[in-house]
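Please read the structure below before turning to the comments.
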Amino acid sequence: MRIGDRGKRIGIKPNLVAPVPASDGGTTHPEVVEGLLVYLQEHGFRKIAIMEGSWVGDRTEEAFEVCGYRQLAERYGVELIDAQKEPAVTIDCAGMELRVCRCSQEVDFMINVPVMKGHCQTHITCALKNMKGLLPNTEKRRFHAEGLHRPIAHLAKGIHQDFILVDNICGDLNFEDGGNPTVMNRLFAVTDPVLCDAYVCSLLKYQTEEVPYIEMAEALCVGSTDLQSAVIRELNPPVCDMALPDTRRVMKLAELAEEVESCSACYGYLIPALDMLDREGLLEHFPEKICIGQGYRGKTGTLGIGNCTRDFAYHLKGCPPTEQEMYEFLKAYLQKEAGA
């Protein structure tokens, strides 16, 4: 932005998926956003709003408090917008109609501050997927019903990202909501969200085609995946290689679930719950597939997680149930089956 743009409204979109501290690897460090606020205000920009909506099942207001954003907004006198409470507007996103939170359409310059993380459904989450926080909860559920990738790609046409500052300090490279942080102590800045996510794939040893929404967004002319032509400048190259997660372990755990259109929070809590059971040596002979997701509404079966499986013989209620509740429910089920 130029000096003459000082009257423009700036939106800052962190990743506050749940009320967990940034040190857990799931949310944007408030210090990173604070640095942006200091810079912008020192250069005369005053119309600034931090906007975010946590995932379905958690309250953004609680995330604002726990993650330090309530205090940050008060300290710098900026607006704090809970997107879960925002009215929705319908926009055309390159031929796909999507309902987005109104605040996302009322900014002149959008700064995206995602966390570089792993994701048990899409392998990675960074610039493109972070905009999903500016959807009403009903639309978030719809994204999962439609398979995530296509709507995420089209969303990039509806919410333009002008500048991306990636929090790569200690993101969890397995789970979206954190819990297993990998310390990297790095930030990187990008202006192309597609190139950003392609770069993240390269860092985490994925091919871009393994994360379909990246190439879908490129086909919609959102950006480019061409890392060969990108200019990458490292101010302070890392002194040691990044320890990559054992993605095969996550995929092995995922094989125990039959997931159909599950929301991020529900599925995101299931995999860590299974991980806890596995570390206790309880998954070697798991008797049933665990059904989870909106696709099981009105259907019957044996073992289900969440309200969508309410008609199953054994199901755990909640939308979503917590990671601890899933762990305790599945452990009790295993103990019952062992004693049968």
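Because the structure is a prediction, the values reported are computed rather than measured.
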> Is a side-chain donor or acceptor of Lys13 paired with a backbone partner of Leu134 at a separation under 3.5 angstrom?
Replying inline: no
> Is Met116 reachable from Val20 through a run of hydrophobic residues whose side-chain heavy atoms are each under 4.5 Å from the next?
Replying inline: no
> How far does CG of Leu165 sit from CG of Leu36, to the nearest 0.5 angstrom?
Replying inline: 5.5 Å
> Partners of Glu280 by side chain to side chain donor-acceptor pair (under 3.5 Å), sequence neighbours excluded?
Replying inline: Tyr327, Lys331
> Is the closest side-chain heavy-atom distance between Pro14 and Thr27 below 4.5 Å?
Replying inline: no
>> Same cluster or not: Leu235 versus Val166, using hydrophobic residues (I, L, V, M, F, W, Y) connected whenever any side-chain heavy atoms lie under 4.5 Å apart?
In response: no
> Which pairs pass ring-ring contact (aromatic ring centres under 6.0 Å, His included) with one or both residues in residues 178-205, sequence neighbours excluded?
Replying inline: Phe188-Tyr199
> Taking atom SG of Cys266 and atom CD1 of Ile292, what is their separation to the nearest 0.5 Å?
Replying inline: 3.5 Å
> Just checking, any donor-acceptor pair under 3.5 angstrom between side chains of Glu218 and Thr225?
Replying inline: yes
>> Checking the side chain of Asp197 only, and the main-chain atoms of Leu128 only, is there a donor and an acceptor separated by less than 3.5 Å?
In response: yes
> Does any N or O in the side chain of Glu52 come within less than 3.5 Å of the main-chain N or O of Asp82, such that one atom is a donor and the other an acceptor?
Replying inline: no
>> Could you report the tightest heavy-atom contact between Cys126 and Val200, atom names first, then the distance?
In response: SG-CG2, 3.9 Å
> Hey, mind stepping through Glu210 and His123 against side chain to side chain donor-acceptor pair (under 3.5 Å) and telling me if it holds?
Replying inline: CA-CA 8 Å; Glu210 295 181 83; His123 294 311; 4.6 Å; no
> So, Thr60 versus Gln84: side-chain donor-acceptor pair below 3.5 Å or not?
Replying inline: yes
>> Would you compute the distance between atom OG1 of Thr122 and atom OH of Tyr206 and round it to the nearest 0.5 angstrom?
In response: 9.0 Å
>> Can you confirm whether Glu215 sits close enough to Val194 that some side-chain heavy atom of one is under 4.5 Å from a side-chain heavy atom of the other?
In response: no
> Does the side chain to side chain contact (heavy atoms under 4.5 Å, CB included) test come out yes or no for Trp55 and Lys132, once each step is laid out?
Replying inline: CA-CA 9 Å; Trp55 64 5; Lys132 189 166 164 276; 6.0 Å; no
> Going hydrophobic residue to hydrophobic residue with side-chain gaps under 4.5 angstrom, can you get from Leu277 over to Leu256?
Replying inline: yes
>> For Met110, is there any backbone N or O sitting under 3.5 Å from a side-chain donor or acceptor partner on Asp162?
In response: yes
> For Val100 and Val89, what are the C-alpha separation, side-chain angles and deciding distance, and is it a side chain to side chain contact (heavy atoms under 4.5 Å, CB included)?
Replying inline: CA-CA 6 Å; Val100 302; Val89 295; 3.8 Å; yes
> Heavy-atom count around Arg75 CZ within 6.0 Å, excluding the residue itself: above 12?
Replying inline: yes
>> I need the minimum non-hydrogen distance between Val222 and Ala153, along with the two atoms involved.
In response: CG2-O, 4.4 Å
> Could you go step by step and tell me if Leu98 and Thr90 meet the side chain to side chain contact (heavy atoms under 4.5 Å, CB included) rule?
Replying inline: CA-CA 6 Å; Leu98 298 176; Thr90 301; over 6 Å; no
>> Using the rule that Ile, Leu, Val, Met, Phe, Trp and Tyr join whenever any side-chain heavy atoms are under 4.5 Å apart, tell me whether Leu148 and Val56 fall into a single cluster.
In response: no
> Going from OG1 on Thr309 to CG on Leu316, what distance comes out if it is rounded to the nearest 0.5 angstrom?
Replying inline: 8.0 Å
>> For Glu79, is there an ion pair with Arg9 - N to carboxylate O distance below 4.0 angstrom?
In response: yes
> Roughly how far, to the nearest 0.5 Å, is CG of Leu40 from CZ of Arg46?
Replying inline: 9.5 Å
> Given a cutoff of under 4.5 Å between side-chain heavy atoms of I, L, V, M, F, W and Y, with clusters grown through shared members, what are the other residues clustered with Tyr296?
Replying inline: Val260, Phe312
>> Exactly one of Thr125, Asn130, Thr28, Asn112 should register a side-chain hydrogen bond (donor to acceptor under 3.5 Å, both in side chains) with Asn15. Which one does?
In response: Asn130
>> With a 3.5 Å distance limit and no angle check, can you tell me whether Gln294 reaches the backbone of Glu261 through a side-chain donor-acceptor pair?
In response: yes
>> Let me confirm one number: the CD1-OG distance from Ile169 to Ser23, rounded to the nearest 0.5 Å.
In response: 11.0 Å
> Should Pro19 and Glu65 count as side-chain neighbours, where that means a heavy-atom distance under 4.5 Å?
Replying inline: no
>> Could you check whether any side-chain heavy atom of Val113 comes within less than 4.5 Å of a side-chain heavy atom of Ile111, counting everything from C-beta outward?
In response: yes
> Between Glu288 (side chain) and Thr302 (backbone), is there a donor-acceptor pair under 3.5 Å?
Replying inline: no
> How about Leu274 and Asp278: do any of their side-chain heavy atoms sit closer than 4.5 Å?
Replying inline: no
>> I want to check something: taking the side chain as every heavy atom from C-beta on, are His29 and Val115 in contact at a cut-off of under 4.5 Å?
In response: no
> So, does Glu86 use its side chain to make a donor-acceptor pair with the main chain of Cys103 at under 3.5 Å?
Replying inline: yes
> Which residue pairs pass the salt bridge (charged side-chain N to carboxylate O under 4.0 Å, His left out) test with at least one member in residues 141-150, sequence neighbours excluded?
Replying inline: Glu139-Arg142, Arg142-Glu146, Glu146-Arg150
> How about Met184 and Leu173: do any of their side-chain heavy atoms sit closer than 4.5 Å?
Replying inline: yes
> What about Ile50 and Val66, same hydrophobic cluster or not, with Ile/Leu/Val/Met/Phe/Trp/Tyr joined at side-chain heavy-atom distances under 4.5 Å?
Replying inline: no
> Can you tell if the side chain of Val107 reaches within under 4.5 Å of the side chain of Lys47, non-hydrogen atoms only?
Replying inline: no
>> Are more than 12 heavy atoms, taken from residues, nucleotides or ligands other than Lys289, located less than 6.0 Å from that residue's NZ atom?
In response: yes
> Judged by modelled atom types alone, do Glu325 and Tyr269 share a side-chain donor-acceptor pair under 3.5 Å?
Replying inline: no
>> Looking at every non-hydrogen atom in both residues, tell me the closest pair between Ala254 and Ile271 and how far apart they are.
In response: CA-CD1, 3.9 Å
>> Please check: side-chain N/O of Lys117 versus main-chain N/O of Gly171, any donor-acceptor pairing under 3.5 Å?
In response: no
> What do the steps show when you test Ile91 against Glu97 for side chain to side chain contact (heavy atoms under 4.5 Å, CB included), and what is the final call?
Replying inline: CA-CA 6 Å; Ile91 59 174; Glu97 283 198 347; over 6 Å; no
> For Pro321 and Gly306, which heavy atoms make the closest approach, and how far apart are they?
Replying inline: CD-CA, 4.0 Å
>> Taking ring-ring contact (aromatic ring centres under 6.0 Å, His included) as the cut-off, I'd like each qualifying pair that reaches into residues 138-185, sequence neighbours left out, listed once.
In response: His149-Tyr213
> Will you find, in the side chains of Ser262 and Gln121, an N or O donor that is under 3.5 Å from an N or O acceptor?
Replying inline: yes
> What are the two closest heavy atoms between Ala230 and Leu195, and how far apart are they?
Replying inline: CB-CD2, 3.8 Å
> Which atom names give the shortest non-hydrogen contact between Val17 and Gly26, and what distance separates them?
Replying inline: CG1-O, 3.5 Å
> Hydrophobic cluster mates of Met216, side-chain heavy atoms under 4.5 angstrom, ILVMFWY only, any path?
Replying inline: none
> Asn180 and Asn174: side-chain donor and acceptor closer than 3.5 Å?
Replying inline: no
